[in-house]
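Presented below is the structure to which this report refers.
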Amino acid sequence: MRSASEPIEAPLARNAPRVLLPACNLSLGVHPFHVVGRKYVEAVRLAGAYPVIVPAAHPDELEGWLDQADGVLLTGSPSNVHPTHFGAEVLDPALPLDTLRDTWTLPLIRLALARGLPLLAICRGFQEANVALGGSLHQAVHEQEGLADHRADDDQPIDLQYGPAHRVLIEPGGLLARLTPGNELMVNSLHGQGIAQLAPGLRVEARAPDGLVEAFTPVHGRGFALCVQWHPEWHAGQNTASIAILQAFGAACRAWRDQRQTVITTERNPA
């Protein structure tokens, strides 16, 4: 990954699609900031799209944001989805939450999927999508009988934290199986929470060896929608599976852009 001081290597096409990236909320000193990790911005650029960072949005603004979007990428985050959204109490008050992000990303997910807008969800975004559609989470996967510890060791260098940690076993016949050769992938693993109950209408795309759901798609999705627990954005350009996922997402966003521009042209120039 480039450092924050390095320049962008190549410009995007002027008509490249626009992908929304919901921002997290973080205090730096005494001031609140909206933040998005650079690795997610770079992943959107690698997909061939303009990254559009969205600050906290009012629920009545969501349709307006989606009207100008060709895709949505739900980022990972240090924060967790608040357990009240899946009927639970906070298990560990020391873990970070982002209730402001919850208030608008959960309805945004439902609206985006209803439109068929291309969606790629990563880590927290993967968990958000499950909760938004009626599923639940384990707040501490490592405390569940039969499940492994999926957390990274914070004392290790960052490249080791994001290095390959375990296999995921790919379900045959799904989107992920079409995008990646073989029936398994090696992925990184940096999450304490995970899927407890998969939401209705979702199809498992991959599982960890301990059975934990690692990827899913909507069964009756109208467009590209892939949610993964791992971090394909990390050094994505050096990972064949990550490139395949981002290229497929980018292609879906371009198709959506073309469709949206056709509608706009027709509305401006009716026959």
Side-chain angles (χ1 to χ4, degrees), residues 1 12 16-17 19-21 39-49 51 69-76 109 112-113 115-130 133 150 162-191 194-195 198-199 201-209 211-259:
M1 179 179 293
L12 293 163
V19 170
L20 305 185
L21 293 104
K39 57 191 173 148
Y40 301 107
V41 171
E42 292 183 347
V44 170
R45 293 184 62 90
L46 187 59
D70 303 304
V72 174
L73 189 147
L74 300 169
T75 70
I109 291 165
L113 290 175
R115 289 181 178 219
L117 194 67
L119 175 74
L120 178 60
I122 296 171
C123 199
R124 186 198 208 270
F126 162 91
Q127 295 169 12
E128 278 177 320
N130 185 56
L133 299 173
H150 288 251
Y162 278 85
H166 64 72
R167 296 175 299 144
V168 294
L169 309 175
I170 299 172
E171 296 287 330
L175 174 59
L176 196 57
R178 295 196 297 272
L179 295 178
T180 57
N183 57 7
E184 64 180 53
L185 292 174
M186 283 296 296
V187 301
N188 47 38
S189 186
L190 298 97
H191 60 102
I195 300 293
L198 195 65
L202 297 180
R203 177 190 188 277
V204 175
E205 291 277 336
R207 294 183 185 271
L212 190 69
V213 176
E214 289 273 340
F216 62 76
T217 54
V219 173
H220 302 297
R222 296 172 49 200
F224 180 99
L226 179 62
C227 305
V228 299
Q229 179 62 85
W230 66 92
H231 287 267
E233 83 286 353
W234 182 257
H235 292 325
Q238 303 169 24
N239 185 293
T240 302
S242 295
I243 291 173
I245 290 170
L246 291 173
Q247 286 181 342
F249 176 59
C253 293
R254 287 188 290 277
W256 185 274
R257 173 208 60 193
D258 293 344
Q259 174 186 332

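All values reported here derive from a predicted model rather than from experimental measurement.
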* All side-chain hydrogen bond (donor to acceptor under 3.5 Å, both in side chains) counterparts of Asn188, not counting sequence neighbours ->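 Partners of Asn188 under the side-chain hydrogen bond (donor to acceptor under 3.5 Å, both in side chains) test: none.
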Say you draw a straight line from [atom1] of [X] to [atom2] of [Y]; how long is it, rounded to the nearest 0.5 Å?
{"X": "Phe126", "Y": "Ile195", "atom1": "CZ", "atom2": "CD1", "result": "4.0 Å"}
{"X": "Glu42", "Y": "His235", "atom1": "CD", "atom2": "NE2", "result": "10.0 Å"}
{"X": "Thr180", "Y": "Asn239", "atom1": "OG1", "atom2": "CG", "result": "10.5 Å"}
{"X": "Ile245", "Y": "Thr240", "atom1": "CD1", "atom2": "OG1", "result": "11.0 Å"}
{"X": "Leu226", "Y": "Phe249", "atom1": "CG", "atom2": "CZ", "result": "10.0 Å"}
{"X": "Tyr162", "Y": "Lys39", "atom1": "OH", "atom2": "NZ", "result": "2.5 Å"}

Should [X] and [Y] count as side-chain neighbours, where that means a heavy-atom distance under 4.5 Å?
{"X": "Val72", "Y": "Ile109", "answer": "no"}
{"X": "Leu176", "Y": "Thr217", "answer": "no"}
{"X": "Leu185", "Y": "Arg167", "answer": "no"}
{"X": "Glu214", "Y": "Glu205", "answer": "no"}
{"X": "Gln229", "Y": "Cys123", "answer": "yes"}

Distance-minimising heavy-atom pair for [X] and [Y]:
{"X": "Leu202", "Y": "Val219", "value": "C-CG2, 3.7 Å"}
{"X": "Leu175", "Y": "Phe224", "value": "CD2-CE1, 3.9 Å"}
{"X": "His231", "Y": "Ile122", "value": "ND1-CG2, 3.9 Å"}
{"X": "Asn130", "Y": "Phe216", "value": "N-CZ, 3.8 Å"}
{"X": "Pro51", "Y": "Leu21", "value": "CB-CD1, 3.4 Å"}
{"X": "Ala49", "Y": "Ala16", "value": "CA-CB, 4.4 Å"}

* **side-chain contact (heavy atoms from CB on, under 4.5 Å) between His166 and Val187, worked out** => CA-CA 6 Å; His166 64 72; Val187 301; 3.7 Å; yes
* Under the salt bridge (Lys or Arg N to Asp or Glu O under 4.0 Å) test, residues paired with Glu171 that sit two or more places apart ->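 For Glu171 there are no salt bridge (Lys or Arg N to Asp or Glu O under 4.0 Å) partners, ignoring immediate neighbours.
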